[in-house]
Amino acid sequence: MEGYDHTEIEKKWQARWKDADLYKTPDAVEGKENYYFLTEFPYPSGNLHVGHWYAFSVPDIFARYMRMRGYNVMYPIGFDAFGLPAENAAIQRGLNPRDWTFSNMEYMRNQLLSMGASFDWSREVITCTPEYYKWTQWLFIQLYNKGLVYRRETSANWCPKDKTVLANEQVVNGHCERCGSPVEKRMMPQWNIKITDYADRLIDDLAGLDWPKQIKDAQINWIGRSEGAEINFALTFTYKPEANDNRGPNGEKAQLSVFTTRPDTLFGATYLVLAPEHLWVTLATDDNHDVLENKDEVRAYIAAASKKSELERKENKEKTGVEVKGVVAINPANGQEIPIYVADYVLGGYGTGAIMAVPAHDERDFEFATKFNLPIVQVIEPTYYQTTEPGKIKEGEPFDHREAIIAIVKHWSEDKYMALKWKKVAWGTFITGGIEEGQTPEQAAQMEIEQETGYLHARPVKNFGVVHGKFYHVPKKTNRNAHAHVVYLELEDDEQKPVADEEKDMHELLWLTADELQKFLTPDTHIYGLKMLLGTAGIYTDAGTLANSGQFTRLESEEAQAKIVEFVGGKITKQYQLRDWGVSRQRYWGVPIPMVHCENCEYVPVGDEQLPVVLPEISDYLPTGDGKSPLAKATDWVNTTCPKCGGPAVRETDTLDTFVDSSWYFLRYADPKNTAEFASKEKLENWLPVDLYSGGSEHTTMHVLYSRFWHKAMFDMGLVNTPEPYLKRMNRGLIMGPDGQKMSKSKGNVIDPDEIVRQLGADTVRMYLAFIGPYNEVGAYPWNPGGTVGVRRFLERVIKLKVGGNEPLDSKTDAVLHQTIKKVGDDIGTLKLNTCVAALMTLLNTFEKLDTVPHDAYSTFVQLLAPFAPHLSDELWEKLGNDSSVHLVAWPQFDPAKLVADTVIVGVQINGKARGTVELAAGVTQEEALAAARSNENVAKWLEGKVEKRAVYVPGRIINIVVD
RNA sequence: GCCGAAGUGGCGGAAUGGUAGACGCGUUCGACUCAAAAUCGAAUGUCGCAAGACGUGAGGGUUCAAGUCCCUCCUUCGGCACCA
């Protein structure tokens, strides 16, 4: 074939595929397994960018490969067609959002066709059509009937200047995207979906999914499950003691419930903090109650806190708060009265909106307590576990306990400290020792210093308290828990008595500076001691050993938690960072929420027979100034009758979050034209769950989580068969501009795929994108114009290969061919498409060394190339004399016997260093291989005069000869 | 701060514990050409004339053999973040 007219070839084959309906996917095919390969459907923004090519043309390689492997593959496409940009276009440019959206889709459809992707267009799903959103509404109503939808005052982003609600995407750094005013939070009644009911299942069911760990972790992190306890603190009113009849401001029992993950620190709780929004605070400061001594002051604080914008809260993290005077709480662990504060570092929406503050063991409480001069009581002593040798804890063996000291001893004249270098165990420590009966830690330290070093006059300066070290005591053959008092002493002079020889044999005495000690010390307990000395220890927030905690003192955190919760009558609970899903949007271009409000019946869902609630045409898309959707202006549409009682009623005018539309679209692909159901049971069974879902990492925690929840809710209602929608999920990487920066018009680094396709062809672009890096890993790949040239050259060289008759391939070339078949198949399977392309290039390089490539070998090559360069491959396939498309041909098989050539080149190492190579016949014995290695000139040189100690031969891989 | 991923030539990136840098780009030299482009051939980790030495973020360890496994640390990127 002469030349490479990609435009001609691509046009020709795209037309032929279309005429032949080549990619229409039957619901089922006798003898073939169905494979559902899903990619996130695009938003019809108006133009395809390189990212779209990466999202759709590269996965098409996998879809085509799976078809050639004999699967009935569904690779569908559609449009996520509701959403804000259409509405903005309407407002800014006076366009109709529907027209804008549909003309964009028309344009993008042609662009998508130019990829040569094997989409089944007969299954196209468009979320903004009534045929689709009828079922979005129907499913919403099913969730409502199931009790998973509720209406509640929820905070929304409010722009005070534009007088409108803003979507999260319209808030940029806390400011309105349009006018730049600081965004406020405003409470509005909105529809919410109880995704939190599914929080545990959304975490726990991940265990059974074949997903990358990073995606699972991101979801787990986002849901944010914490296990802890709710503990009640009884209140005593001191300003109005008559309130002490055990009644709270609203008649409830006078107590406050806090959530904590650290009930083991309860004895150290020295005050309580309530969020400004906390109900108790709201009630206690309202006009009907008078139990607080400083009601006005508290009120003023609450008002100031609510005025703080999101931005101010983020920027200014300095703790603020006010004491609630006239009432105190009782710490249920020790009966002590503790003060109550209101402070906005406690969040109203999490836990009970109230915390017990343990300033000794929590950074935030410590900061607050320091600022407000509140007591700080240490109740946890640091505890360290030796996890590496020497001294690694022996699992399952009991611990003996021992009172001990760690003595930090300063030099009499220099800024240096005593350190011991241990001879048997290669440890570096301070002076350590046990405490005898009746000794103070200081006395024990002085005694130990004298014994181990001979110094007589160490003056105790400070006791830093106890640190627990748990380790395996090698000489005593037991696990030990040393309760070590860290004592700091200073030598007054260098007067010294002789040291016993057995001490000298054990360790060497060194004088080290603090810096040197940091590198020298081995056990964590000693490093902790050094940090205490230097004042860099900070507060201890980890689990440890209890102190100052009554009968629980000396227990370890884990054990103490359950016991303390039981002791004070608390309740073990879980909390989540995940919030319920607010789905109301005060927007026009979305699915109308199918609810009607009737004065008698409250909110009633629209009856099935009235679905869909069609989005009415309106002329003014501007939102109303009071935060309602523009739909509120369509009064004819708004006024309706109640589906329940037939009385006058009004429609809900908010529309649904577009994440609702995309929570079930993949189900519709199975049965896109169904008018009686969202999809038939039978067709769902054909296709669900999705075998592999490819998408962007930005959807890991939102769309993927929402749709998993939605699917589970549907599963519980018997609407789908599986509790999870996606068997596998992968996040693709990002394509950056040639400068490595994110592509943006302002940076002028945008690559227009249409332009590149015009110049180099779709096959080149597809293959280049596959070559750029592994597809199954999240990475950022700069667009490299040179790289596209390399791929284009490759395709031109493929065309130029001279095809011969059917002479057999030589063994080496045949081995490369079969290795390539294996490699390309294996690597497409794991989406490492970059190495597939490299393997094809290697095969081409090998073929180019031949005068002519045998016809069959060339055919195989074209088959391997077919998923990557579908147009050119079909063209070459036709030129080879075939009548039907290469895309209908089965994937080539490799012959395992031919993977290895007759001879292989094996590297030879001497003492692990590469010294030469030998060519060996396949299947030689170790003796033969070694003999060949020894007789190799280079190798022999290195063996001369040396004694061989050992030889390792890994067939086909390496020979390693170990010499003296 | 917490969670996750990753650090390999000038660049994108390869490497079941087995000759580090496949493949491509770029660069250099050569062929073809009046010339250039395109194409083809050769070279291309660093230092060194060479023999060789050194090389996968740093430092230790395991191994006949470590980019790969283990420990400590550093850096970059992504997500979450006053979540008790």
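First the proteins, then the strands, lettered A, B, ... as listed; each starts at 1.
- Nearest-nucleotide mapping onto RNA chain B: of A/Arg950 and A/Ile355, the residue sitting toward the 5' end is A/Arg950.
- Here the P atom of nucleotide B/rU72 and the CG atom of A/Leu521 are 17 Å apart, to the nearest Å.
- Here the rule is side-chain contact (heavy atoms from CB on, under 4.5 Å) with A/Leu206, and of A/Ile223, A/Ile215, A/Ile220 only A/Ile220 fits it.
- Not one side-chain nitrogen or oxygen of A/Tyr345 sits closer than 4.0 Å to the OP1 or OP2 atom of B/rA84.
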Reading nucleotides 7-19 of chain B from 5' to 3' and marking B where a protein heavy atom lies under 4.0 Å of the base, S where only the sugar-phosphate is that close, and - otherwise, the string is -----BSS-B-BB
Can you build the contact string for nucleotides 39-47 of chain B? Use B for base contact, S for sugar-phosphate-only contact, and - for no protein heavy atom under 4.0 Å. SS-------
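- Screening residues 214-223 of chain A for salt bridge (Lys or Arg N to Asp or Glu O under 4.0 Å) gives A/Lys213-A/Asp217 as the qualifying pairs, with residues at least two apart or on separate chains.
- For the OP1/OP2 pair of B/rC80 and a distance below 4.0 Å, the side-chain nitrogens and oxygens of A/Thr701 include no atom meeting the criterion.
- Residues satisfying the side chain to side chain contact (heavy atoms under 4.5 Å, CB included) criterion with A/Ala333, sequence neighbours excluded, are A/Leu266, A/Phe267, A/Asn331, A/Val568.
- Checked options A/Lys802, A/Lys800, A/Arg797; the residue passing with A/Glu848 is A/Arg797 (criterion: side chain to side chain donor-acceptor pair (under 3.5 Å)).
- Under the side chain to side chain donor-acceptor pair (under 3.5 Å) rule, A/Arg262 has a single partner from A/Thr265, A/Thr260, A/Asp264, which is A/Asp264.
- Taking 3.5 Å as the limit, the base of B/rC64 and the side chain of A/Lys949 contain no donor-acceptor pair of atoms between them.
- Glycosidic conformation, B/rG9: syn, with the torsion inside 90° of 0.
- Rounding to whole angstrom units, CD1 of residue A/Ile539 and C1' of B/rA84 are separated by 12 Å.
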Please report, to 0.1 Å, the donor-acceptor pairs under 3.5 Å made by any side chain of residues 940-955 of chain A, with sequence neighbours excluded.
residue  : atom : partner  : partner atom : Å
A/Glu948 : OE1  : A/Arg934 : NE           : 3.4
A/Glu948 : OE1  : A/Arg934 : NH2          : 3.2
A/Glu948 : OE2  : A/Arg934 : NE           : 2.7

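- Protein atom CZ of A/Phe794 is 15 Å distant from nucleotide atom C1' of B/rA22, rounded to whole Å.
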Show the distances under 3.5 angstrom between N or O atoms of the protein and N or O atoms of nucleotides 49-55 of chain B.
residue : atom : partner  : partner atom : Å
B/rG52  : OP1  : A/Lys941 : NZ           : 3.0
B/rA53  : OP1  : A/Arg915 : NH2          : 3.4
B/rA53  : OP2  : A/Arg915 : NH1          : 3.1
B/rC54  : OP2  : A/Lys913 : NZ           : 3.3

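- Not one side-chain nitrogen or oxygen of A/Arg262 sits closer than 4.0 Å to the OP1 or OP2 atom of B/rA84.
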